[in-house]
Each structure stands twice: as structure tokens, then as C-alpha cells.
Colleague: 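Handing you a structure now.
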Amino acid sequence: MVAGSGGERPRSEPYTGVSEIEWLQERDMRAVSATRRDAVLARLAERQHGVVAHRQLIARGLSRHRVERMVASRRLLVVHRHVYAVGHAQLRPLGRRLAAVLACGEGAVLSGLSAAEHLGLVDDARTVFDVTVAPGCGVARSLEGLVVHRCRLAERDWAWEDGVPVTSVPRTFVDVAAWKPRRRVAYAVNQALVRRIYDQWAVDEILRRPGRLRGVAIVRSVLEERHPDAHLTRSALEARALERLMAAGVPPPRVNVWLADAGAEVDLFWEDAGLAVELDGRAYHAHRKHLDRARDVRVRGLGLRVRRYGWGDVTAGPFPEMIRRELSPTG
């Protein structure tokens, strides 16, 4: 018998013809394997906001019996059928959204109001999640805590956002219009403009797409009711700036102008006066400041003046007067 601190074969274990050294080696290998499993599980959970799917664990070498034991020991806590929280059930919103998608299988995508909230377009106080799956995928129409929609999405209709597969902004507009009141669509469009995630080309593409997507007519009418110059802008702040400039009789600028030599786009541009104006909305984030400073340096390198104005300046401050002074010969 090989002695060791806690390393001896339990006396109650029957003899199987394996030597003591061989038994210890097998025990050590099992421990290494368990350590590796734990590391794989930890990495997966960290990457997925604390949630994992049963199929993902099986694909990474865990047996069904092992998964059942981890559930029984509460190392895995059931969130949905075959979807687990790792270690604790206090999931953040991103974890709950991804768990909803994982519960609907491969190819599922967060959609509708749930997608709109994920993208920062609306506030959704519901306790259920909208998920879109392909027709014939075998997912039940009604799952606890989930509203399952069946539709075949084009590749451009969805993307990964913060580690969660979610419908694109234009597709989200259309889905919200199909399922919810018109005012929700108008609010979502406005927020997309404010957050600078509104892409007119992508919106036009889905509105022109062949076929009959529910909600397209409502999205089109919401856009048509906006300011006449709104189709030239990517933010509600820019539309408001144009309104105030026109009302004050200030010469109109060019909008969203690409300056190739600087590798940058400016919100408002008065070429003759050499003035480039950037508008920073309410959703302006501090982590963008260093990027914007670098861009401003490149634009100034073209001999242009760069001025920045915030939401308060444009909506309530003396914005037209400030621009008029900038455009004057002595400005």
C-alpha cells in the first residue's frame, strides 16, 4: 500500500486488479480533467454574461450525467429549460436577454421590444422577452417568460450587440411597428437618431425590400412626418439645429459631410467660412471623447475651424446667434 496524506485508496473500495500507484494516477487525471472542465465552464460563462446552454456544455465534453450532477449541486441553476446560470441566479439584464435567446436554440435572435430596449431605443418594463426563430425550427410557440415569433430573417437583419444576437435597428423599427402602438415606433426612431445608430441607407433598404413585411407602412409614415430635412441627418439633434438655423435666417450648412483628407465626417459644414460643427447629444459618452479629439485635430489640419455644441446649446441656448458670429468675417 502506498501511503500519503489523504492519497490512499479508500479501504471500502473493492479490489479491481489495479495497483495502488495506477489508482493514484487515475485519480490525479480525474482531478486534472475536472479542473479543465471548470476552466472551460468559467470562460464560457464569463463570455456569455453568466449563462450557458446545455448543448454548449455537451459540445465541450461534459456528459449529460455530469451536467445533471452540477444542476443537483446548484453549480448550475436553471433559468430556462436547458439554459443555466453559473454559480448564482442574480443575472444582469444582458444575461437574462442572452438566456432567452439560448432557450430558443440555434439561430434565435432577440427581437421586438426586447431588441429595442437592448439597443437603447425604448424602455421595456415587461418581464417577458421577444425572440425570433426560423419557421419550422421546432421551438414551442409558448415558452415560460418568452414570446416566440417565427420569421426567416435576412443576414443583414441581425447582428451581435454586447454579446447578444439581436435584430438590426431598421428591422427592430419594423418589428415594433408590427406588434406595438405607433408612438413606440416614433420614440424608437427618435432615440436611434439621438444615439447616432440611425442608418438611412439601411432603413431605405428594408422599406424598399420586396415582400410584405408587417410594420413597413407605419415606419414609412413615421419617417415622412419628421422634419423635411430629417432624411439628411442621422440625429434628432441635427434636425433641431437645422430648424433653429432656418428660423433665424442663418445660411444653411451642408449636413453629414465626409472630409476625405481628414478621414472624418462632420455634422454641419459651412465650406466658404471654413467652419465645421459637431453636435454632441444627450447620449454622448465620455469614452468617445479621445476619439473625437483626434478627429478634430485631423479636421483642423485642413485649415478648418471646429466647434462643438451640446444638446442644451442647440435646443435651448443661443445656438443660431453663436453660429452667426462664427460665420461673420470678424467671427
Side-chain angles (χ1 to χ4, degrees), residues 97-98 100-143 145-236 239 256:
R97 293 169 195 160
L98 182 56
V101 173
L102 291 174
C104 294
E106 296 289 347
V109 174
L110 196 70
S111 60
L113 277 184
S114 299
E117 182 180 48
H118 185 72
L119 295 169
L121 305 181
V122 302
D123 293 324
D124 184 11
R126 301 174 308 155
T127 58
V128 298
F129 295 94
D130 293 304
V131 180
T132 291
V133 300
C137 70
V139 176
R141 287 188 176 275
S142 178
L143 296 173
L146 307 177
V147 179
V148 179
H149 307 273
R150 297 183 184 278
C151 179
R152 197 171 301 282
L153 297 173
E155 185 175 349
R156 58 188 174 277
D157 283 346
W158 70 277
W160 289 90
E161 185 72 29
D162 289 331
V164 179
V166 59
T167 49
S168 66
V169 171
R171 180 70 200 214
T172 301
F173 290 159
V174 172
D175 287 346
V176 171
W179 304 331
K180 297 299 174 183
R182 177 192 181 88
R183 58 183 173 78
R184 285 295 189 99
V185 183
Y187 185 85
V189 169
N190 185 68
Q191 288 302 107
L193 290 165
V194 170
R195 294 175 63 84
R196 299 190 179 209
I197 57 175
Y198 182 93
D199 184 334
Q200 187 65 54
W201 183 92
V203 171
D204 287 343
E205 187 277 329
I206 201 168
L207 296 182
R208 294 193 305 263
R209 191 179 299 176
R212 300 183 63 182
L213 284 176
R214 290 181 58 194
V216 163
I218 292 177
V219 173
R220 183 179 289 112
S221 67
V222 166
L223 296 176
E224 288 173 352
E225 287 179 1
R226 299 191 59 81
H227 187 275
D229 290 321
H231 69 285
L232 298 175
T233 73
R234 284 195 300 271
S235 93
N256 300 140

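These numbers come from the heavy atoms of this one structure, side chains and all, not from hydrogens, waters or symmetry mates.
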Colleague: Could you go step by step and tell me if Cys137 and Arg150 meet the side chain to side chain contact (heavy atoms under 4.5 Å, CB included) rule?
Modeller: CA-CA 9 Å; Cys137 70; Arg150 297 183 184 278; 3.7 Å; yes
Colleague: Quick check: closest heavy atoms across Thr167 and Leu119, and the distance to 0.1 Å?
Modeller: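 Taking Thr167 first and Leu119 second, the nearest heavy atoms are O-CD1, 3.6 Å.
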Colleague: Using the rule given for side chain to side chain contact (heavy atoms under 4.5 Å, CB included), can you reason through Trp158 versus Thr132, listing the C-alpha separation, both sets of side-chain angles and the distance that settles it, and then say yes or no?
Modeller: CA-CA 11 Å; Trp158 70 277; Thr132 291; over 6 Å; no
Colleague: So, taking the atom named CD1 in Ile197 and the one named CG in Leu121, what distance separates them when rounded to the nearest 0.5 Å?
Modeller: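 Separation between the atoms: 4.5 Å.
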Colleague: Given side chain to side chain contact (heavy atoms under 4.5 Å, CB included), test Val131 with Val109 step by step and report yes or no.
Modeller: CA-CA 6 Å; Val131 180; Val109 174; 5.9 Å; no
Colleague: Show the numbers, then the answer: is there a side chain to side chain contact (heavy atoms under 4.5 Å, CB included) between Val122 and Gln191?
Modeller: CA-CA 8 Å; Val122 302; Gln191 288 302 107; over 6 Å; no
Colleague: Quick one: which of Thr172, Asp130, Asp124, Val166 gives a side chain to side chain contact (heavy atoms under 4.5 Å, CB included) with Glu117?
Modeller: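 By the side chain to side chain contact (heavy atoms under 4.5 Å, CB included) criterion, Glu117 pairs with just one of Thr172, Asp130, Asp124, Val166: Asp124.
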Colleague: Any donor-acceptor pair under 3.5 Å linking the side chain of Arg214 with the backbone of Ala178?
Modeller: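 Looks like yes, one N/O pair under 3.5 Å.
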Colleague: Quick check: do Val147 and Phe129 have side-chain heavy atoms less than 4.5 Å from each other?
Modeller: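 A side-chain contact under 4.5 Å is absent here.
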Colleague: Tell me the closest heavy-atom pair linking Gly112 and Trp179, and the distance in Å.
Modeller: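 Closest heavy-atom pair between Gly112 and Trp179: CA-CZ3, 3.2 Å.
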Colleague: Using salt bridge (Lys or Arg N to Asp or Glu O under 4.0 Å), reason through Arg209 and Asp157 one step at a time and then give a plain yes or no.
Modeller: CA-CA 12 Å; Arg209 191 179 299 176; Asp157 283 346; 2.8 Å; yes
Colleague: Which pair of heavy atoms, one from Ala186 and one from Val222, lies closest together, and at what distance?
Modeller: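 That would be CA-CG1, 3.8 Å.
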Colleague: Does the His118 side chain pair with the main chain of Pro165, one donor and one acceptor, at a distance under 3.5 Å?
Modeller: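 Side chain of His118 to backbone of Pro165, a donor-acceptor pair under 3.5 Å: no, none is there.
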Colleague: Do Ser221 and Arg182 get their side chains close enough for a donor-acceptor pair, meaning under 3.5 Å?
Modeller: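 Result is yes, a qualifying pair exists.
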Colleague: Would you confirm whether Arg97, through its side chain, and Ser114, through its main-chain N or O, come within 3.5 Å as a donor-acceptor pair?
Modeller: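 Answer holds: no.
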Colleague: Output the distance between atom CG (Asp175) and atom CG (Leu153), rounded to the nearest 0.5 Å.
Modeller: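 Output value for this atom pair is 7.5 Å.
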